[in-house]
J.: 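One structure, as structure tokens, below. Some questions next.
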Amino acid sequence: MPYDPSEFPPFAVTVDLVVLTVRRHALCALTVRRAEEPHRGQWALPGGFVRIDEDLASAAARELAEETGLRAQDSGSRHAGAHLEQLATYGDPHRDPRMRVVSVAHLVLAPDLPAPTAGGDAGSAQWTPVARLLGGAGGGPVERLAFDHARILADGVERARSKIEYSSLAAAFCPAEFTVGELRRVYEAVWGVALDPRNFHRKVTGTPGFLVPVGGTTTRQGGRPAQLFRAGGATLLNPPMLRPEV
């Protein structure tokens, strides 16, 4: 019996992007205001439908560029300024009112990025503090996200918080050369806690392969010159940087 596509219900695959950065010492997520139905006018994570001729990573990179003007490197790249990895798959039958849609979410981590530029089917794009999207101390009223994007964002934030415990991924939020103080503020922003500066300095500089001195200093934080480091070759931290209990 020949295959008849019309015998099967409509089905689509999308990519949604949890793009996180640290701006003004706060963990922020990239959000876009939807210019089309469904949920027109509501804030959402950037993303869209996977084309028939592209793989998932290519679709994620394309949607990021189209909707925001930003670009990211794959996690296999040695580019120090970005990290892209697959996060999880979401397939609730009722997550999209248009048809059955399965979303493969991706997590993007990057240093302090410029203001995004909306494009594609996004009316506008902005960096929004995670506390305003998921709730939290000092976040103010919670901004409701379209579809199931609040759940996807929460999963992405938890992935980032967990990964910087046992991997060197926190450096992905930093410029190519950074100070221990700048790295500490990344941990504080992602975890949402205050860390003891001396204890933190002792831990990160004593972890083999985490940081490599570059032989220079900077006064961009004010005060006395601070030593500059770059990310070392270690991908896993031993011992790990465990989150303080709150």
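Basis for what follows: all heavy atoms, side chains included, without hydrogens, waters or symmetry-related copies.
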J.: So, using salt bridge (Lys or Arg N to Asp or Glu O under 4.0 Å) as the criterion, who are the partners of Lys163 when residues are at least two apart?
T.: Glu85
J.: Could you state whether Trp191 and Phe210 fall into the same hydrophobic cluster, counting links through intermediate Ile, Leu, Val, Met, Phe, Trp or Tyr residues with side-chain heavy atoms under 4.5 angstrom apart?
T.: yes
J.: Under a plain distance cut-off of 3.5 Å, with no hydrogens placed, do Thr217 and Arg224 share a side-chain donor-acceptor pair?
T.: no
J.: Out of curiosity, Leu228 CG to Leu211 CG, how far, rounded to the nearest 0.5 Å?
T.: 11.5 Å
J.: Is any side-chain heavy atom of Arg34 closer than 4.5 Å to a side-chain heavy atom of Trp43?
T.: no
J.: Centroid separation under 6.0 Å, is that true for the rings of Phe200 and Tyr187?
T.: yes
J.: Give a yes or no answer on whether the side chain of Gln86 reaches the backbone of Ala105 with a donor-acceptor pair at less than 3.5 Å.
T.: no
J.: Working to the nearest 0.5 Å, report the span between CD of Glu188 and CG of Leu195.
T.: 4.5 Å
J.: Just checking, any donor-acceptor pair under 3.5 angstrom between side chains of Tyr90 and Asp155?
T.: yes
J.: Counting only heavy atoms not in Arg40 (residues, nucleotides, ligands), do more than 12 fall under 6.0 Å from its CZ?
T.: no
J.: Is a side-chain donor or acceptor of Arg159 paired with a backbone partner of Leu87 at a separation under 3.5 angstrom?
T.: yes
J.: Tell me the ring-ring contact (aromatic ring centres under 6.0 Å, His included) pairs involving residues 45-65, sequence neighbours left out?
T.: none
J.: Hey, what do you get for CD (Glu54) to CD (Glu63), rounding to the nearest 0.5 Å?
T.: 7.5 Å
J.: Would a distance-only check, ignoring hydrogens and angles, find a side-chain to backbone donor-acceptor pair under 3.5 Å from Arg230 to Val212?
T.: no
J.: Looking at Arg198 and Asp196, is any side-chain nitrogen of the basic one under 4.0 Å from a carboxylate oxygen of the acidic one?
T.: no
J.: Can Arg151 and Glu158 be counted as an ion pair, charged N to O under 4.0 angstrom?
T.: no
J.: Could you identify which residues cluster with Phe11, counting Ile, Leu, Val, Met, Phe, Trp and Tyr as linked when any side-chain heavy atoms lie under 4.5 Å apart, either directly or through a chain of such contacts?
T.: Val13, Val15, Val50, Leu56, Val102, Val104
J.: Scan side-chain atoms only and decide if Thr31 and Thr128 contain a donor-acceptor pair under the 3.5 Å cut-off.
T.: yes
J.: Nearest 0.5 angstrom please: Leu27 CG to Thr21 OG1, how far?
T.: 8.5 Å
J.: Once rounded to the nearest 0.5 Å, what's the spacing between atom CG of Leu183 and atom CE of Met241?
T.: 7.5 Å
